[in-house]
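Let me begin by presenting the structure, written as structure tokens, before commenting on it.
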There are 4 protein chains.
Amino acid sequence: MASKQEIRSEETKRAILTAAADLFATRGFDTVSIREIAKAAGCSHTTLYIYFKDKEALLHHLSKEPLQSLALQMEEILSKLGQTPEENLREISRQFIHFCLRNRTMYTLFFMIKATRIDVEEPEKELQTLRNQLFGLLRQAVRRCLPSDIEEEKALAQARIYFYTLHGIVGTYTHSEEPLDSLMERLAPTFALSIDVFLAGSQKIMNRE
Amino acid sequence: MASKQEIRSEETKRAILTAAADLFATRGFDTVSIREIAKAAGCSHTTLYIYFKDKEALLHHLSKEPLQSLALQMEEILSKLGQTPEENLREISRQFIHFCLRNRTMYTLFFMIKATRIDVEEPEKELQTLRNQLFGLLRQAVRRCLPSDIEEEKALAQARIYFYTLHGIVGTYTHSEEPLDSLMERLAPTFALSIDVFLAGSQKIMNRE
Amino acid sequence: MASKQEIRSEETKRAILTAAADLFATRGFDTVSIREIAKAAGCSHTTLYIYFKDKEALLHHLSKEPLQSLALQMEEILSKLGQTPEENLREISRQFIHFCLRNRTMYTLFFMIKATRIDVEEPEKELQTLRNQLFGLLRQAVRRCLPSDIEEEKALAQARIYFYTLHGIVGTYTHSEEPLDSLMERLAPTFALSIDVFLAGSQKIMNRE
Amino acid sequence: MASKQEIRSEETKRAILTAAADLFATRGFDTVSIREIAKAAGCSHTTLYIYFKDKEALLHHLSKEPLQSLALQMEEILSKLGQTPEENLREISRQFIHFCLRNRTMYTLFFMIKATRIDVEEPEKELQTLRNQLFGLLRQAVRRCLPSDIEEEKALAQARIYFYTLHGIVGTYTHSEEPLDSLMERLAPTFALSIDVFLAGSQKIMNRE
DNA sequence: GATGAATGAGTCTTCATTCAT
DNA sequence: CATGAATGAAGACTCATTCAT
């Protein structure tokens, strides 16, 4: 069905994406040149421009898919029945952290990139939307672990604190050279503990007031 | 004692450092060009090379002093009498966060730069040492808030969790364009709350076990 | 006779030529890329190479036809009976100017391109020949308006002067963005006047001597 | 007085300008690359950017001076006493043609460049002004040769026709490879004759009406 | 006959850095 | 001590063109 050409094309595109993901992840967006990506992908740098209008277009393409699948997974977890909200938050956190560490640059790009500029075009807007969606989901997960009668303001503060924890964890290891598996094995308990500490502290303080 | 020349020389050097600090802080290390620094410092770009071997050397030089003074301040706080360990940790956290947000680029450079590579020369080693020292102080401050009989391993985990919170806070706002003052006014309570949540959660969990 | 394939092929070729003529005329030879032409012609850019060796080959091909038809028209006018030589020259001038302004790029290419280099291949030679033919016709038209007994040298000088006028008119408006129709409406009288001035002046001077 | 450095700098700048003028003149603005200019000037292409912000800046710089001096010369001639208007126009024409052929690209650039766009910045405006000034001077010179009581409209038409002649002359030989001197020697009489034809014709027609 | 894939040469431009003064 | 001059390496990107299908 798919002609040889189409296959080859698909391969090249995939090679570029893989190479770019890899390089962006290890070295950051700005530092990596298009020629490097091309070389890593085993093609000429001009070929890159056939598939992606821009270095930035490449980035957007690269980020959209994983982020969407992450959002999907998160929604799934959120809608699981038979879990306490706390278990739910733990699972969602675990998964979020794992995702971010597996897609290191993505992380930098998704969460640290300068907040929405107004003059940005479509593709960037799309990303921004996805980002907001993800944050919304996390916030929801946190909200459920808090007493339902607290003020919205306070819930927001707790969500922020939770984000700090996530961001802190991910940020700490984003630039580490340790492979993902070894990292997770070594620190997964600590990450889990982080969430537990947050939950315990958060609930104690909410009740205290 | 200091000849006129020496004074002038010192002035130029200082001008360069000030300009560089300013520019790095507002626009980031990579984005700022050496010529810009020189222009801002009111001297030729070649002059820069008289005082600093490198753009990077400039950065190292730039970071040393503030970091040292930070360490000093932290030590001071740590050695304060008449404070509970918790009050102590709150104060030290406040100060650390403030410092990091005031020296945004510095922060990125000090804390996110790839952990000590072996092939690195002197100046970077020095930074690394400072960095370790700072982390040691923070760790101490956390340790004091925990029951004194817990295993070292567990204390370390709590210190890590505390770091995550700090790193998360700082990382979240490092790239924000909001001026420091407005930022602090708006979020200082949330930052404080973060520490409280950590403390409450940490202690609850330590006792539970 | 012509198979379906041949017809289709012919259509594609025509589409390319039309598109190219259009683009060259409105935007100039250098500015237009081969991919643009292909897109405008509704085919792949590689297809272009089937029909034309080169971007330049395309141009030559493109110029040949209109130039030939121009030559034809000019010959027709020249052979008209019942016109004074002056009326003849006026008509031929009008037509020449109109042609040149309708085919702006062509003009640049036909009349301003560096005179025959020796190392040039066939197609360019052909163009050169056409060009010479056209000039010959114009020269003839001028010659007829002059006293028949003047030296050849002097007639040549007058022909040159006439060319200058034509070239000047066309050159002045070749790069104008004004549409052909509006341009002609606005300036046709001036163009006609130019020829009249030339004729009047030329004859006065020829007689004076 | 001028330090060695300043001299060298001046030399380089001059070399660049000379090379650029040369290349632009022979090959046109768009076709010439900055690297070529640099190579011809015997310096690195980056050096070029020290002296000129842009390829276009280079062009503007290149054009300003000669155009100004041309304007000056023309004004001088215009204000000469003891000449008939006709002699005046002849002299001014001679000089204008000579200038344009000596500064071939300049010519293309000054007279054929797309008429004032509104969004253009300072330097281009300056050029535009100069250009207009030159045209004004020529127009004046023509005006004086015409009966003083004719309508402005008609005078303008004559000025246009005169421009066509000039433009035609210059345009015809701009791309010629013949050296200026030989060219002038060969054709100066024809050029002079062109003006005479224009004058004779123009006056005859003006009187006839 | 027609096409998508791929490329190398080339465009302008910026930057950190060195050298002679 | 300080500087202007000059450079090479590198950046993103475009284009005409060829090859295998």
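Chain identifiers are assigned alphabetically (A, B, ...) following the order of the sequence lines, protein sequences preceding nucleic acid strands; residue numbering begins at 1 within each chain. The shown structure was predicted, so the numbers you read here are calculated from the model rather than taken from an experiment.
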Quiz item: Would you find a donor on one side and an acceptor on the other, under 3.5 Å apart, between the side chain of K39(C) and the backbone of S44(C)?
Solution: no

Self-check item: From CG (L23(D)) to OG1 (T18(D)), nearest 0.5 Å
Solution: 10.5 Å

Quiz prompt | Atom-to-atom span, CD of E6(D) to P of dG4(F) - whole angstrom | solution = 10 Å

Quiz item: Can you list the stems that include DNA chain E, where a stem is three or more consecutive Watson-Crick or G-U pairs with distances under 3.5 Å?
Solution: E:2-21 with F:2-21

Quiz item: What distance separates L48(A) CG from L17(A) CG, expressed to the nearest 0.5 Å?
Solution: 9.0 Å

Quiz prompt | Min side-chain heavy-atom separation H61(C)-K13(C) under 4.5 Å | solution = yes

Quiz item: Got more than 12 heavy atoms from elsewhere within 6.0 Å of CZ, R14(C)?
Solution: no

Quiz item: In whole angstroms, how far is the C1' atom of dA16(F) from the CD atom of E56(C)?
Solution: 12 Å

Quiz item: Given that V32(C) and D30(A) both sit by DNA chain F, which one's nearest nucleotide is further toward the 5' end?
Solution: D30(A)

Quiz item: Minimum heavy-atom separation for P66(C) to L62(C), with atom names?
Solution: CD-O, 2.9 Å

Self-check item: Strand-adjacent residues in residues 40-52 of chain C, judged by heavy atoms under 4.0 Å from DNA chain F
Solution: H45(C), T46(C), Y49(C)

Quiz item: What's the spacing between T12(B) OG1 and I50(B) CD1 if we round to 0.5 Å?
Solution: 8.5 Å

Self-check item: Inter-residue atom distance I37(A).CD1 - D22(A).CG, 0.5 Å rounding
Solution: 10.5 Å

Self-check item: Between dA2(F) (C1') and K13(B) (NZ): distance, integer Å
Solution: 16 Å

Self-check item: Neighbour count >12 (heavy atoms, 6.0 Å) for atom CD, Q68(C)
Solution: yes

Self-check item: Pairwise 5' ranking along DNA chain E for T12(C) and S9(A), keeping only the more 5' one
Solution: T12(C)

Quiz item: First and last nucleotide of DNA chain E touching chain C, 5' to 3', heavy-atom cut-off 4.0 Å?
Solution: dG1(E) to dA6(E)

Quiz item: Want to settle it: does E10(D) or R8(A) sit nearer the 5' end of DNA chain F, counting the closest nucleotide to each?
Solution: E10(D)

Quiz item: In a check of side chain to side chain contact (heavy atoms under 4.5 Å, CB included) between L58(C) and each of Y51(C), Y49(C), F29(C), F52(C), which one passes?
Solution: F52(C)

Quiz item: Can you tell me if K64(B) uses its side chain to pair, donor with acceptor, with the backbone of L130(B) under 3.5 Å?
Solution: no

